[in-house]
Structure formats: structure tokens, C-alpha cells
There are 2 protein chains.
Amino acid sequence: MAEEIYQLAVDITLKTISGKWKTSILCNLGTAPMRTGELKRRLPGISQRILTKQLKELETDQIIKRKVYPEVPPRVEYCLTEHGKTLRKILLEMSEWGSEHAELQNASGHNYEIIDQNLKGFQDMS
Amino acid sequence: MAEEIYQLAVDITLKTISGKWKTSILCNLGTAPMRTGELKRRLPGISQRILTKQLKELETDQIIKRKVYPEVPPRVEYCLTEHGKTLRKILLEMSEWGSEHAELQNASGHNYEIIDQNLKGFQDMS
DNA sequence: CAGAATCCGCTAAGATACTG
DNA sequence: CAGTATCTTAGCGGATTCTG
């Protein structure tokens, strides 16, 4: 069995949501199940390989659930698990802190830009 | 001016606390100002270069403050800024989620281990 | 003591082609 | 449509040496 050792509990959470596209994936899966292709369409720039990889990691972490329909052509849907939904509160608070941090830093001569600024992200995940 | 573009606000927070030793640094700086050497002593395995690097990043992000005393040999102390202290609530909640996640995963055949388990980390940062 | 300057290895991520 | 297999690339972290 692979053993994963962390210094602090917070590092586990950090590891779980670290990955270039994971927050965007979780943001998009907030409302409803979604097919792989639709997800890919909503994440401009992601490659097949990376999408599959990050989805599999989230599935291994029991954050999302993968459902395969026995059809041709293949149909696969992903949705948040109940456990995955418990991440929302944390992601929301991280979003709020991040927005404030961006303001503070920009007031100090930095230049942070947030693309999905109006979309609050994790507020109204059902 | 360097421009930093993020998809979501949460990614800013993620970036700020990502770095192999940053959570441990923030955990150790919770209570009081600390000299570089003392910090290094508390982070077994970290190298000079990486310690300096991560401290500088946290300083650039206005999370910690660097104070130099004009002495020989050099004396440098680091402490949390007021803004840095606002991270505590988030880090604490991330710790709690991480602990629960470890339990859930371990119940499913995984093997997560947390070294600083009793030390709750960010609970009693003054 | 604290930090800068090099050099190096590992791994996440990207590009592309292929398969059922 | 969804996923796999290779190959390539960029950046973080580690080891070591040097300096005021």
C-alpha cells in the first residue's frame, strides 16, 4: 500500500486541490453532473491527457464520482460526491481571501488579475 | 510590472500557501517572531536556499515581515503581518478538512499519515 | 548567521498520435 | 467520445560552495 506522509493536516487539503485545473473542475461540477466533453469545452486549453489525469486523481480522493454508461460512443459523467461537497465551504472562504489578497497586493504595486471574477465560483454550488 | 493571471480567486490563495515548506513556516511563525536559524532548526530537512526563497515569497505576498537588526553577526527576524494572520482561519479549516479526509481515505484502504498530528497547527496562533 | 550563486534531478503539465 | 501511450518541456526543490 502506498504510504502518503504529510507534515500537517492542512497539507492534505492542499494536495487534494492542487493541480492546475482542479479548482476549475470543481467549480464547474458544482451544479450538476457533466460529461467529459462538456467539461473539456468549459476548460479551454486543457489537454485530453491532463483532464483525464486530474479527474482520476479527484476520483481517487473520493471528491468526484465517475459514472460510465454502457453506450457506443462512450458516455461518461462526473459529479461531486457528498464528501466533495464538504470542500465547498473551504473553497469559498479561500476565494474570498484570495480576492482580498489580490486587492491588497494590487494596492501595493502588484498586478493580480482574476478571469472568472463575477462568477463567484463556489457560492451557489447546489 | 509582472502580471499574474488567475482563473479563479481561490487559485490566488492556493498559490500563496503552496510551496513545500510554507504551511510549516506559517505554523511556526504563529506565536512569535523568530530568527532564521531557529526557523531552520524547526524545519528539519530544509536547505538554506529554499528557506530563504520561501520566506522571500511570503514576504513579497505581505504574509510575513522581515526585520533586520544592524548587528554582526547578522540577525534577522520574521513574524506574521496582520494580513498574514487573516490566513489562520482558512488554514485551520483546511486542517480540519484534511484530518477528516485522511480518516475517510484510510477507511477506504489508503494510508495517509500526519506527522504533526497532536499539534493542531493553527488553532492557538496568538 | 543569513543569504547569494551554480548546478542538477524529478515531476507536473503540454503536444501529439492512436484505440475501442 | 473518452481514454491511453510517448515524448518533450518548464519549474520547483535539493546539494554545495562562497561571502560580508
Side-chain angles (χ1 to χ4, degrees), chain A residues 2-8 11-12 14-26 28-29 33-61 63-79, chain B residues 2-8 11-12 14-26 28-29 33-61 63-79:
Chain A
E3 216 170 273
E4 296 195 54
I5 302 179
Y6 297 89
Q7 184 66 27
L8 299 168
D11 295 329
I12 293 177
L14 212 40
K15 176 80 178 324
T16 305
I17 60 179
S18 288
K20 186 167 176 185
W21 303 88
K22 283 188 185 171
T23 52
S24 292
I25 290 172
L26 294 176
N28 278 286
L29 286 186
M34 195 173 293
R35 293 188 62 172
T36 313
E38 169 69 3
L39 204 44
K40 188 168 188 302
R41 201 181 59 75
R42 293 189 184 224
L43 303 174
I46 199 172
S47 69
Q48 259 303 333
R49 194 184 85 89
I50 299 302
L51 177 58
T52 304
K53 193 163 171 287
Q54 307 236 333
L55 286 170
K56 180 172 288 182
E57 287 173 10
L58 287 169
E59 190 194 4
T60 299
D61 280 336
I63 305 300
I64 65 175
K65 188 162 164 20
R66 180 174 182 270
K67 183 167 185 182
V68 185
Y69 294 85
E71 302 175 4
V72 176
R75 173 187 179 84
V76 178
E77 276 186 359
Y78 293 92
C79 65
Chain B
E3 216 170 272
E4 296 195 55
I5 301 178
Y6 297 89
Q7 184 68 27
L8 299 168
D11 295 329
I12 294 178
L14 212 40
K15 176 80 176 327
T16 304
I17 59 179
S18 288
K20 186 167 176 185
W21 303 89
K22 282 188 185 172
T23 51
S24 291
I25 290 172
L26 294 176
N28 278 286
L29 286 185
M34 196 173 292
R35 295 186 62 172
T36 312
E38 170 70 3
L39 204 43
K40 188 168 189 304
R41 201 180 58 75
R42 294 188 183 225
L43 303 173
I46 198 173
S47 70
Q48 257 304 333
R49 194 182 86 88
I50 298 302
L51 176 58
T52 304
K53 193 162 170 286
Q54 308 239 329
L55 286 170
K56 179 171 288 182
E57 289 174 8
L58 288 170
E59 188 194 5
T60 299
D61 280 335
I63 304 301
I64 65 175
K65 189 164 165 17
R66 180 174 182 269
K67 183 167 185 182
V68 184
Y69 294 86
E71 303 174 4
V72 176
R75 173 186 179 85
V76 178
E77 275 186 0
Y78 293 91
C79 65

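Here is the naming used below: chain letters follow the sequence lines, and residue numbers restart at 1 for every chain.
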K.L.:
Check the distance between D:dC12's C1' and B:Lys22's NZ and give it to me in whole angstrom.
P.N.:
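Spelled out: NZ on B:Lys22 to C1' on D:dC12 is 11 Å.
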K.L.:
Heavy atoms, side chains only, cut-off 4.5 Å: are A:Tyr78 and A:Lys65 in contact?
P.N.:
no
K.L.:
Go through B:Glu57 and B:Lys22 one step at a time and tell me if the salt bridge (charged side-chain N to carboxylate O under 4.0 Å, His left out) criterion holds.
P.N.:
CA-CA 9 Å; B:Glu57 289 174 8; B:Lys22 282 188 185 172; 2.7 Å; yes
K.L.:
Of the nucleotides C:dG3, D:dA2, D:dG13, which one has an atom closest to the side chain of A:Val76?
P.N.:
D:dA2
K.L.:
Taking the nucleotide of DNA chain C with the nearest heavy atom to each, does A:Ser47 or A:Lys15 sit closer to the 5' end?
P.N.:
A:Lys15
K.L.:
Do B:Arg49 side-chain and D:dG13 base share a donor-acceptor contact under 3.5 Å?
P.N.:
yes
K.L.:
Can A:Glu77 and A:Arg66 be said to form a salt bridge (charged side-chain N to carboxylate O under 4.0 Å, His left out), step by step?
P.N.:
CA-CA 6 Å; A:Glu77 276 186 359; A:Arg66 180 174 182 270; over 6 Å; no
K.L.:
Looking only at side-chain N and O atoms, does B:Thr36 come under 4.0 Å of OP1 or OP2 in C:dG3?
P.N.:
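Indeed, a polar side-chain atom of B:Thr36 lies that close.
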K.L.:
Please report the distance, rounded to the nearest Å, between OH in B:Tyr78 and P in C:dA2.
P.N.:
9 Å
K.L.:
Using whole Å, report how far CG of B:Leu55 lies from P of C:dA4.
P.N.:
11 Å
K.L.:
Select from A:Thr52 and A:Pro74 the residue whose nearest nucleotide in DNA chain D is closer to the 5' end of that strand.
P.N.:
A:Pro74
K.L.:
When the distance from CG of B:Leu51 to C1' of C:dA4 is rounded to whole Å, what number comes out?
P.N.:
14 Å
K.L.:
Rounded to whole Å, please give me the gap between CD in B:Glu57 and C1' in C:dG3.
P.N.:
15 Å
K.L.:
For the side chain of A:Trp21, counting heavy atoms from C-beta on, which of C:dA2, C:dG3, C:dG14 is nearest?
P.N.:
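In terms of side-chain proximity for A:Trp21, the closest of C:dA2, C:dG3, C:dG14 is C:dG14.
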K.L.:
Need one value for A:Tyr69: base, sugar-phosphate or nothing, where a base atom within 4.0 Å counts as base even if backbone is also close, heavy atoms only.
P.N.:
nothing
K.L.:
Less than 4.0 angstrom between a side-chain N/O of B:Arg41 and OP1 or OP2 of C:dA2, yes or no?
P.N.:
no
K.L.:
With the side chain of A:Ile50 defined as its heavy atoms from C-beta on, choose the nearest nucleotide among C:dA4, D:dG3, C:dA13.
P.N.:
C:dA13
K.L.:
Taking any heavy-atom pair under 4.0 Å as a contact, classify B:Glu38: base, sugar-phosphate, or nothing.
P.N.:
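No contact.
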K.L.:
Can you tell me how far P of C:dG3 sits from CG of B:Leu58, to the nearest Å?
P.N.:
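For the pair B:Leu58 CG and C:dG3 P, the rounded distance is 13 Å.
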K.L.:
Applying the side-chain contact (heavy atoms from CB on, under 4.5 Å) test to B:Ile12, which of B:Thr16, B:Leu14, B:Leu8 qualifies?
P.N.:
B:Thr16
K.L.:
Select from A:Lys20 and A:Pro73 the residue whose nearest nucleotide in DNA chain C is closer to the 5' end of that strand.
P.N.:
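Between the two, 5'-proximity favours A:Lys20.
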K.L.:
Looking at D:dG13, D:dT4, D:dA2, which one has an atom nearest to any side-chain atom of A:Lys56?
P.N.:
D:dT4
K.L.:
Give the rounded distance in Å between these two atoms: CD of A:Glu71 and P of D:dA2.
P.N.:
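For the pair A:Glu71 CD and D:dA2 P, the rounded distance is 10 Å.
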K.L.:
Without decimals, in angstroms, what is the distance between B:Gln48 CD and C:dA4 C1'?
P.N.:
10 Å
K.L.:
Picking from B:Arg41, B:Arg35, B:Lys40, what satisfies side chain to side chain donor-acceptor pair (under 3.5 Å) with B:Glu38?
P.N.:
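Output: one option passes, namely B:Arg41.
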